[in-house]
There are 2 protein chains.
Amino acid sequence: MATIKDLSLKCGVSVSTVSKALNGYKDIGEETKRNILKAANEIGYFPDSNARALKTKKTYNIGVLFSTMFNHGLRNEYFAHILASFNEYATGKGYDINFIEHNVGDRKMTFLEHCSYRNFDGVCIACCADFFDNEIQQVVNSKIPVVVIDHIYNEAISILSDNMEGMRQLTQYIIDQGHKRIAYIHGTNSSVTHNRLVSFYQVLRENGLTIPNEYVVEGIYRDSDTSGLLTQRLLDLQVPPTCIIAPDDYSALGVMNTIRRSGLRIPEDISVAGYDGISVAQALEPKLTTIRQDTDRIGTEAAKQLINLIERPMVTSISNVYLKVSLMKGSSVGYVTSTELNRPSRQSIVD
Amino acid sequence: MATIKDLSLKCGVSVSTVSKALNGYKDIGEETKRNILKAANEIGYFPDSNARALKTKKTYNIGVLFSTMFNHGLRNEYFAHILASFNEYATGKGYDINFIEHNVGDRKMTFLEHCSYRNFDGVCIACCADFFDNEIQQVVNSKIPVVVIDHIYNEAISILSDNMEGMRQLTQYIIDQGHKRIAYIHGTNSSVTHNRLVSFYQVLRENGLTIPNEYVVEGIYRDSDTSGLLTQRLLDLQVPPTCIIAPDDYSALGVMNTIRRSGLRIPEDISVAGYDGISVAQALEPKLTTIRQDTDRIGTEAAKQLINLIERPMVTSISNVYLKVSLMKGSSVGYVTSTELNRPSRQSIVD
DNA sequence: CTGAAAGCGCTTACAG
DNA sequence: CTGAAAGCGCTTACAG
């Protein structure tokens, strides 16, 4: 690759002058500057990123930290989509992205060590199996600018898909369709799960509904088999629910399969809802009733906030940004008629 | 971060000695070496990657090049899974991965410029909308070690999911189930599509089957709506097929929806097959008959070959590696009984 | 076995 | 307005 020295020879000026011209310093002659820029374009000159980083301590590299466990990381569609838009925004601002890993060759590094080894300008933490992991905390507590997705730390900017609001909209919609016996198979415990649960109960309460404890069970995100099994148990209850909310769209497939295997129809006999709004949910029939999380905006917003924090630390506040979700009505949640409402089995539950 | 100088002061030796000890040079005293290694571990010292790269021209960074178009890149499950395993292998060998992009900040770069700007040790090209793109060719023809997934260039190592073999197995299985009127909605033209088509026709011929031209139509990968529309046309034919092969599993959803909307059952009335073996295909009912592409091995193998090429260029041959696929029988392709075989409508087609 | 010195390709005070 | 010089943190011939 051509170096700054090649360019300086070609232009007949010193490397200092070239460097300043390229970096927009004011104290350079108009014509000199024009010449240098022209020559740089001609030979396709770009400053070597390593040399520049060594001097300036700025790499224009952002580290992305995520769990690589089964069903996590790149193999998780929700995260992969967020990463795609994160990358697109960052790239437009001149930042490349890197994955933060534990081991580099034969030596193990902590996440923070990896960050200083690579001199990342900032870090995005997302899709972690365990946000309380000690090594992750280290990164959050370091000097490196950090943005976190779907979790709140005091010390970092958080981008959150509005889970309280999402669950509120979904639950309210189901209730508005006449359902009173609503079951919720939720995902493994986390702050996301917690907020959804709180919101679920809250909306039930606001509508004067109570449900039996057996209607709320713990499943596993993105595990349709588990959700299928749990669905069977719900169907076997003496008074089964009229609607089942799955942990996510993918798991909803397991719920639907089990229901159909029992000879029941969706949504005529029993309704199903998901969460996420992944594409496959909309290719199913009936189309899944779900909450769409705006992965594009989550990724874009995370990148934007992080780059602001990197470039203008003093005017960027450490805040929590909640992103809107939207209800996708689909047709897997049916309308419960008043006849059904009068069934004794239901009455015994409602009050 | 601690520098090599800090470490040399702590150990009371020169930086040269520290550097050599850390890099496994032989001409260092046993005890000196032990001391240095111990101290390095204590303070969590890692050489600054930029400084090292500047001197050695080795970054331990691999660039990954892919299209970011709709339905491509990270938003494509097939590619995201390959990338995940590629990253896991590379990381274990000490390489981090970076995405290769067009624009860096306000200035546009060609892909090759981005590679030299970042000094990538090697490049993996995958999942491109257009492998004949001029900028991609530039990278392939450069001095940088390159591995390509699912496409063959003369100048680079190729890792290929065996599409000929996959399509062979799938088609043969369908024929073995008694089908003779098999339709194929294939994806947009590419070498992958071409090979699958060639193989499809070849197996038909080997089995003494011919199909009408209308049975082979061009769809779009991962576009279930288009596949749904094309399915409708196939169903409307005077002599419709008994089995439809979709471009991929995701598109198969569209095929299935259209079939069901027509009041037909799968597989009793008509059979469906996909391609890819993505997880959702196995969560459907009936389970989709499909070919599983081994994304784990593709990613791992690509990383392995690329790193070999980087580290031992003289003993690594530029070859094409074909990876095995496997048939997932599922239950969306049914058995066609002999009664059905004797139907006049079929006979008129077969010979 | 150890260390002084040069140099990788840049940027940036500083002097002129 | 321009350029010489120092230095970012390393590695690696080379000398001793």
Side-chain angles (χ1 to χ4, degrees), chain A residues 1-37 39-40 43-61 94 104-105 107 113 115-121, chain B residues 1-37 39-40 43-61 94 104-105 107 113 115-121:
Chain A
M1 201 175 66
T3 70
I4 197 171
K5 199 168 171 196
D6 299 332
L7 197 53
S8 83
L9 290 173
K10 185 177 160 104
C11 297
V13 291
S14 74
V15 292
S16 320
T17 304
V18 173
S19 176
K20 281 188 276 195
L22 258 26
N23 289 301
Y25 279 60
K26 297 289 176 196
D27 58 347
I28 296 290
E30 262 311 314
E31 197 180 333
T32 316
K33 186 167 178 177
R34 227 177 305 125
N35 272 333
I36 293 172
L37 258 38
I43 63 175
Y45 171 80
F46 282 93
D48 179 286
S49 65
N50 295 298
R52 167 181 260 187
L54 179 58
K55 186 67 188 169
T56 61
K57 297 294 151 217
K58 182 142 172 67
T59 55
Y60 284 96
N61 254 144
V104 168
R107 254 186 92 179
E113 282 170 346
C115 293
S116 9
Y117 161 67
R118 287 286 182 196
N119 287 294
F120 296 134
D121 294 339
Chain B
M1 200 175 66
T3 71
I4 197 172
K5 200 166 172 199
D6 299 331
L7 196 52
S8 83
L9 290 174
K10 186 177 159 103
C11 298
V13 291
S14 73
V15 291
S16 319
T17 303
V18 172
S19 176
K20 281 189 275 195
L22 256 27
N23 288 301
Y25 279 61
K26 296 290 177 196
D27 58 347
I28 296 291
E30 262 311 313
E31 196 181 332
T32 316
K33 188 168 177 176
R34 227 177 304 126
N35 271 333
I36 293 172
L37 259 38
I43 64 175
Y45 171 80
F46 281 94
D48 178 287
S49 65
N50 295 299
R52 168 183 259 188
L54 179 58
K55 185 67 188 169
T56 61
K57 298 292 151 216
K58 184 144 171 66
T59 56
Y60 284 96
N61 253 145
V104 169
R107 254 186 92 177
E113 282 170 346
C115 292
S116 10
Y117 161 67
R118 287 287 182 195
N119 286 293
F120 296 134
D121 294 338

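Note that the coordinates shown come from a computational prediction; the quantities given were computed from them, not determined experimentally.
Considering only side-chain atoms of B:Lys57, the nucleotide from C:dG9, D:dC10, D:dA4 that sits closest is C:dG9. Of the listed nucleotides (C:dG3, D:dG3, C:dC10), C:dC10 has the atom at the smallest distance from the side chain of A:Asp48.
Nearest-nucleotide positions on DNA chain D place A:Ser14 closer to the 5' end than the other of A:Ser14 and B:Ser19. With DNA chain C read from its 5' end, the first of the two nearest nucleotides for B:Thr32 and B:Ala51 is the one closest to B:Thr32. Comparing B:Lys20 and B:Leu54, the nucleotide of DNA chain C nearest to each residue sits closer to the 5' end for B:Lys20.
Contact of the B:Thr17 side chain with the B:Ile28 side chain is registered, since non-hydrogen atoms from C-beta on lie closer than 4.5 Å. Using a 4.5 Å cut-off on side-chain heavy atoms (C-beta onward), B:Phe46 and B:Arg52 make no contact. Side-chain atoms of B:Leu22 and B:Leu7, non-hydrogen and from C-beta on, do get closer than 4.5 Å to each other. Inter-residue side-chain proximity for B:Lys20 and B:Asp27 is flagged as met; some heavy-atom pair is nearer than 4.5 Å. Counting heavy atoms from C-beta outward, B:Ile43 and B:Lys10 have side chains that approach closer than 4.5 Å.
Looking at every heavy atom in both residues, B:Ser49 comes nearest to A:Tyr117 through OG-O, 2.8 Å. B:Cys11 and B:Ala39 get closest at one heavy-atom pair: SG-CB, 3.6 Å.
Look at B:Asn23 and you'll find a side-chain N or O under 4.0 angstrom from OP1 or OP2 of D:dT11. Applying the 4.0 Å criterion to OP1 and OP2 of D:dG9, one finds that B:Tyr45 has every side-chain N and O outside that range. Between B:Tyr25 and D:dA13, a side-chain N or O to OP1/OP2 separation shorter than 4.0 Å is absent. Proximity of B:Thr17 to the phosphate of C:dT2: no side-chain N or O atom is located under 4.0 Å from OP1 or OP2.
Side chain B:Lys55 to base C:dG7: a donor-acceptor pair is found below 3.5 Å. Counting atom types as modelled, A:Ser16 pairs a side-chain N or O with a base atom of D:dA4 as donor and acceptor under 3.5 Å.
At whole-Å resolution of the value, CD1 in B:Ile4 and C1' in C:dC8 are 15 Å apart. Taking atom CG of B:Asn35 as the reference point, atom P of C:dC1 lies 15 Å away to the nearest angstrom. One can place NZ of A:Lys26 at 15 Å from P of C:dT12, the figure rounded to the nearest angstrom. Atom NZ in B:Lys5 sits about 15 Å away from atom P in C:dG3, given to the nearest Å. Note: CG (B:Asp6) to P (D:dC8) measures 12 Å, nearest angstrom. Taking atom CZ on A:Phe46 and atom P on C:dT11, their separation rounds to 13 Å, with Å as the unit. Atoms CG (A:Asp27) and P (C:dA15) sit 15 Å apart, rounded to a whole Å. Spacing between atom CG of A:Leu7 and atom P of C:dC10 amounts to 9 Å, rounded to whole angstrom units.
Among the protein residues, A:Thr56 comes within range of the sugar-phosphate backbone only, with heavy atoms under 4.0 Å from sugar or phosphate atoms but none that close to a base.
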Exercise. What dot-bracket string describes DNA chain D from 5' to 3', counting Watson-Crick and G-U wobble pairs whose defining distances are under 3.5 Å, with [ ] for crossing pairs and | for pairs to another strand?
Worked result: |||.||||||||.|||
For this session: Check step by step if side-chain contact (heavy atoms from CB on, under 4.5 Å) holds for B:Val13 and B:Val18.
Result: CA-CA 7 Å; B:Val13 291; B:Val18 172; 3.7 Å; yes
